[in-house]
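Single-structure report; data block below.
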Amino acid sequence: MAKVYKKYNCELKVVDAFGMKSISIRHDDILHAPSVLVTPNTEKPECSLTFQLVPVPIDEWDKVKAAGDDIRNIWNEYLAGTLTEEPRK
């Protein structure tokens, strides 16, 4: 069973199958967003962000920070249980 949440220019997907949980987060701005690694530990899931090891022009930094903030915001709402699932179309 999959649940999909869309908010903050992100898509957070939770798949629970055969007793295993998988959580992924994707940001709409793939050029500036960090890579996301989620460890779905049943006690307390953890989200880690990895930024690319390339120089970021100073005028692009706001986009990188905004994407990281978006991911942090959707993750915090997921942990708080305040996200609502995207209706199926």
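Keep in mind that this is a model prediction, so the values were computed, not measured.
Atom CG of L12 is separated from atom NZ of K3 by 11.5 Å, given to the nearest 0.5 angstrom. Rounded to the nearest 0.5 angstrom, Y5 OH and I25 CD1 are separated by 12.0 Å. The structure places CZ of R26 at 10.5 Å from CD1 of I71, a figure rounded to the nearest 0.5 Å. Separating the CD1 atom in I23 from the OH atom in Y78 is a distance of 3.5 Å, to the nearest 0.5 Å. Atoms OG and CG, from S24 and L37 in turn, are 11.0 Å apart once rounded to the nearest 0.5 Å.
Listed by chain and number, the residues in a side chain to side chain donor-acceptor pair (under 3.5 Å) with S35 are Q52 (sequence neighbours excluded). Remark: Y8 engages no residue in a ring pair (Phe, Tyr, Trp, His ring centres under 6.0 Å) (not counting sequence neighbours).
Within the structure, the salt bridge (charged side-chain N to carboxylate O under 4.0 Å, His left out) test picks out the following pairs touching residues 70-83 (sequence neighbours left out): K7-E77, D69-R72.
Residue H32 is tested with K63, E60, K65, H27 for a side-chain hydrogen bond (donor to acceptor under 3.5 Å, both in side chains); the sole match is E60. For the side-chain contact (heavy atoms from CB on, under 4.5 Å) with W75, the lone residue among L83, V38, V36 that qualifies is V38.
Linking Ile, Leu, Val, Met, Phe, Trp and Tyr whenever their side-chain heavy atoms come within less than 4.5 Å puts V14 and L79 in one cluster.
Smallest separation of non-hydrogen atoms from A67 and A33: CB-CA, 3.6 Å. Between L49 and G68, the shortest heavy-atom distance links the atoms CD1-O, 4.2 Å.
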